[in-house]
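In what follows, a single structure is set out as C-alpha cells and then discussed.
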Amino acid sequence: MMATIWRAVRLWQAVKETGSYKQLLLWSVLRSSLSSLTVEERIKGKRRAALLGGGQGRIDAQHKRGKLTARERVLLLLDSDSFMEYDMFVEHRCADFGMDADSNKYPGDSVVTGQGRINGRLVYVFSQDFTVFGGSLSGAHAQKICKIMDQAVMVGAPIIGLNDSGGARIQEGVESLAGYADIFLDTSYLFITGPDVVKSVTNEDVTQEDLGGSKTHTALSGVAHRAFENDIDALLNLREFFSYLPLSNQDPAPISECYDPSDRMVPGLDTVVPVESAKAYDMLDIVHSIVDEREFFEIMPNYAKNIIVGFARMNGRTVGIVGNQPRVASEDPGFQKGSMREDFLSQVQFLNICIEVGSIDINVEHRTGMGSIGCLDINCSVKGARFVRFCDAFNIPIITFVDVPGFLPGTAQEYGGIIRHGAKLLFAFAEATVPKITIITRKAYGGAYDVMSSKHLRGDVNYAWPTAEVAVMGAKGAVQIIFRGEPNEAEVEYLEKFANPFPAAVRGFIDDIIQPSTTRLRICRDLDMLASKKQINPSKKHANIPL
C-alpha cells in the first residue's frame, strides 16, 4: 500500500514538471486505483471493528461474568460456517449528548443480525451485544431486527432472539421507544422496572435476582419457560428445542428418522399405576417409557408442577405431551406468609386437617399449605392452555395423559378466578384441530375429566387403562352426598359401578380399554391414521378465549 502511495506522489510531481499527457493519463489511472484500495481498507477496518463490538476490554468483562458475547452465541447456536450477517455497517443516528463523536460509533451498533442453519434448517437470528452501550435498543438496532423479521415472514422461517440488553437507549429518547413498539420483544434478569424504581415507588427493598431472576420467572411468575446453568447450556438446549418445531405454521410437524420400534411393548406400564387409588406415582415415568428413545423436552418444568407439558417424538414424528402429575400437589396461592390462614394454622401445633371433597383428599399440614395431589388449579390451567394452543398453531399432534381428581377447591382459587382460568384449558383443547389422542391412566373426575381433552371436546382417539375411573367424584364423597352421611354399605356398590372404565366405554366416551404395555403401539398407529386429518373451525375474525 505504501509503495503505491509513493509511486503516486512521484508521478504527480512529474506531471506538474513536464505536463506530459501520457504521464497525466497514468496519474489518473493510479489515482483511481489508490481510491479503490482506500475503500477496500476502510471496509476491512469496519469489519474488524464490528467483530470487536465494544472493544476487547468489554469482551473480557463479559467473559469474566461468565457470559458469551453476542457473536459467540450466534456461532455456537448455528451450524458451522452457516451464518450470513446482515447490516454489519449500520450505525446509530443519534447526535445528542456527544453520541455523534467517532468514539461512540460502532459498526453494527448493539445487535448482530442475520440468518443461518440449525441442523441444516433455515433460521433467522438476532443477538443483542451488551458490549456496545449495554445492548440498549436504538432506532438503528430496532431497524436491523425488523428487517430480518420481515424477511423471515416472507420466506416462512422462524426467528430466534438472544436478548442481553439494558433496555431502550436513553440518549435517543422517543425513537428508541418507537423501536420497541416496532419489534416487541445470577447472569440474566427480566423485569419491567428495576429494583431502584421499585424502591422509589413502593419503598420495597428487593434484589435483582429476587425481582427478576431465573428462579423468580421459572418457578413463580411463569414468565420464563426454562433456566440453564450458562450460555453454552442454554444454546445447546435451544438447538434441541428447535429440532422439534416446524419452520412455520404452514409446515407440518417435523419427522425424523427413528430407530425405536413403533410396535415396542412396554411391560413396565402394566404395573406403574398403584393399586391404591390415593397413592402417588410419577407421570414422567409413563411419558419417558412411551416416547422415542425416552427423550422428552419438558417446558416450564419448575412452574405449576401439577401438570407436565413438553415435546417428544413418536415414531420420529414431533408430538406435544400434556399430562397431570399425580406426584405433585397443587399450590394454593392463598397460603402465604403473613396471611390470616397462616396465622390461624400457626396457633395450632401439628395441625392436620383432612377434608374430603368427593375423593379429593386435601391435607393441610402445619405450615405446608399443600393442596390436592394432581388437581387442576389456576396456574396449571394457564400453563396447559398456552402449550395446547402453541401445538395447535404449529400443527403438532397432542397426546394427553389423564389422572385428575378434579379442580382444586378453596376460596383462594375461587377468588382468583379458577372458573375463568380453567375455561382457558377447556377452550384450548376444544379449539385445537390437530390430532388429539388421550389416555386415562387412573382418575378422571368431574369437570376436570371434561377439560382434559375428552371425547366431548372433539378428542380423536380416547383410551382408558384398566385402572381408569371415570366418574363425577370419588366413591366416599358420592356416597356421603347420596345417603346424607347415614351408615350404609353402598360405597362398595358405587366402586363396582363407577370406579372403573366401563361406564364411559359403554357410552362411547372412550374408544377402547387397552393394556398399558400396548400404549406406544396404539399411539403410533393412531398418529399415522390421523396424519391426513382435516378439521376446520367456523370462520371468524378471531376466537374469544376467556383471557
Side-chain angles (χ1 to χ4, degrees), residues 118-119 121 225-226 236-247 251-266 268-269 272 281-305 307-327 380 383-384 386-403 428-429 432 434-441 452-453 459-463 465 514 516-531 533:
I118 295 180
N119 297 323
R121 304 166 72 214
H225 291 74
R226 289 192 58 169
L236 293 179
N237 273 276
L238 181 54
R239 283 179 62 90
E240 180 185 353
F241 172 63
F242 182 77
S243 70
Y244 289 101
L245 305 181
L247 292 181
D251 296 330
I255 299 178
S256 305
E257 191 171 0
C258 179
Y259 301 99
D260 192 348
S262 62
D263 58 353
R264 170 171 57 85
M265 297 291 108
V266 190
L269 295 181
V272 70
Y281 64 96
D282 193 346
M283 188 64 80
L284 285 172
D285 291 339
I286 293 176
V287 173
H288 285 134
S289 297
I290 290 174
V291 301
D292 291 356
E293 308 293 346
R294 298 182 59 85
E295 293 179 353
F296 176 56
F297 193 93
E298 189 171 0
I299 303 295
M300 304 180 80
N302 297 317
Y303 179 77
K305 295 181 181 180
I307 196 168
I308 58 175
V309 299
F311 297 99
R313 293 185 178 89
M314 295 294 291
N315 199 24
R317 180 183 281 106
T318 294
V319 295
I321 302 288
V322 180
N324 305 114
Q325 178 54 289
R327 191 177 64 88
C380 84
K383 172 183 171 180
R386 168 74 170 130
F387 182 77
V388 168
R389 299 195 90 206
F390 182 94
C391 291
D392 188 46
F394 291 99
N395 311 308
I396 298 173
I398 301 167
I399 301 172
T400 307
F401 294 93
V402 181
D403 186 351
F429 273 122
V434 294
K436 294 179 288 188
I437 300 172
T438 303
I439 299 94
I440 301 174
T441 61
M452 294 299 295
S453 194
D460 295 306
V461 181
N462 293 66
Y463 293 128
W465 285 2
I514 65 172
S517 57
T518 67
T519 304
R520 173 177 167 81
L521 167 65
R522 302 294 289 263
I523 292 176
C524 288
R525 287 181 178 176
D526 291 332
L527 288 172
D528 288 339
M529 177 266 293
L530 292 168
K533 175 186 175 181

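Keep in mind that this is a model prediction, so the values were computed, not measured.
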Taking all atoms of both residues into account, what is the closest heavy-atom pair of I299 and K383, and its distance? O-CE, 3.9 Å
Nearest 0.5 Å, what's the CD1-CZ distance between I308 and F401? 8.0 Å
Among T441, T438, D526, which residue meets the side-chain hydrogen bond (donor to acceptor under 3.5 Å, both in side chains) test with Y463? D526
Report yes if the side chains of K436 and T400 come closer than 4.5 Å at any heavy-atom pair, otherwise no. no
Considering residues at least two apart in sequence or located in another chain, which fulfil the side-chain hydrogen bond (donor to acceptor under 3.5 Å, both in side chains) criterion with Y244? none
Enter the distance from R525:CZ to I437:CD1 here, rounded to the nearest 0.5 Å. 13.0 Å
Value rounded to 0.5 Å, distance of CG in L521 from CE in M265: 4.5 Å
Mind jotting down which residue pairs meet the side-chain hydrogen bond (donor to acceptor under 3.5 Å, both in side chains) criterion with at least one end in residues 289-298? Sequence neighbours excluded, please. D292-R520
Just checking R386: does its CZ atom have more than 12 heavy atoms from other residues, nucleotides or ligands closer to it than 6.0 angstrom? no
Please check if atom CZ in R121 has more than 12 non-hydrogen atoms from other residues, nucleotides or ligands closer than 6.0 Å. yes
C258 side chain near N315 side chain, heavy-atom distance below 4.5 Å: yes
I'd like to check L530 versus V461 (side-chain heavy atoms, cut-off strictly below 4.5 Å). Are they in contact? yes
Applying side-chain hydrogen bond (donor to acceptor under 3.5 Å, both in side chains), can you list everything that pairs with R389, at least two apart in sequence or on another chain? E431
For I398 and A432, work out which heavy atoms get closest and say how close. CD1-CB, 4.4 Å
Min side-chain heavy-atom separation N237-F297 under 4.5 Å: yes
Criterion side-chain contact (heavy atoms from CB on, under 4.5 Å) against I399, the qualifying member of T519, I439, V287, I290: I439
Given the rule in the side chain to side chain contact (heavy atoms under 4.5 Å, CB included) test, do I514 and W465 qualify, once you have shown the distances and angles that lead to the verdict? CA-CA 5 Å; I514 65 172; W465 285 2; 3.9 Å; yes
Are D460 and M529 close enough, and set up right, to give a side chain to side chain contact (heavy atoms under 4.5 Å, CB included), and what steps lead you there? CA-CA 11 Å; D460 295 306; M529 177 266 293; over 6 Å; no
Approximate separation, where rounding is to 0.5 Å, of D251 CG and L245 CG: 11.5 Å
Hey, does the side chain of N324 reach the backbone of D403 with a donor-acceptor pair shorter than 3.5 angstrom? yes
Does F387 reach the side chain of I307, with side-chain heavy atoms less than 4.5 Å apart? no
Output for pair (L527 CG, M314 CE), nearest 0.5 Å, gives 6.5 Å
Nearest 0.5 Å please: distance from the CD1 atom of I321 over to the CD1 atom of I286. 11.5 Å
As a quick check of understanding, evaluate side-chain hydrogen bond (donor to acceptor under 3.5 Å, both in side chains) for Q325 and D282, giving each step before the final call. CA-CA 7 Å; Q325 178 54 289; D282 193 346; 2.8 Å; yes
How far apart are the closest heavy atoms of P397 and A253, and which atoms are they? CD-CB, 4.2 Å
Between F311 and F390, how do the two ring planes meet: parallel, tilted or perpendicular, split at 30° and 60°? perpendicular
Checking salt bridge (Lys or Arg N to Asp or Glu O under 4.0 Å) for the pair D260/R313: CA distance, chi angles, key distance, verdict? CA-CA 10 Å; D260 192 348; R313 293 185 178 89; over 6 Å; no
Which is it for F242 and L247 under the side chain to side chain contact (heavy atoms under 4.5 Å, CB included) test, yes or no, and what are the steps along the way? CA-CA 9 Å; F242 182 77; L247 292 181; 3.9 Å; yes
Please give me the minimum heavy-atom distance between C391 and G320, naming the atom from each residue. SG-CA, 3.9 Å
Give the minimum heavy-atom separation between A312 and F296, together with the two atoms involved. CB-CD1, 4.1 Å
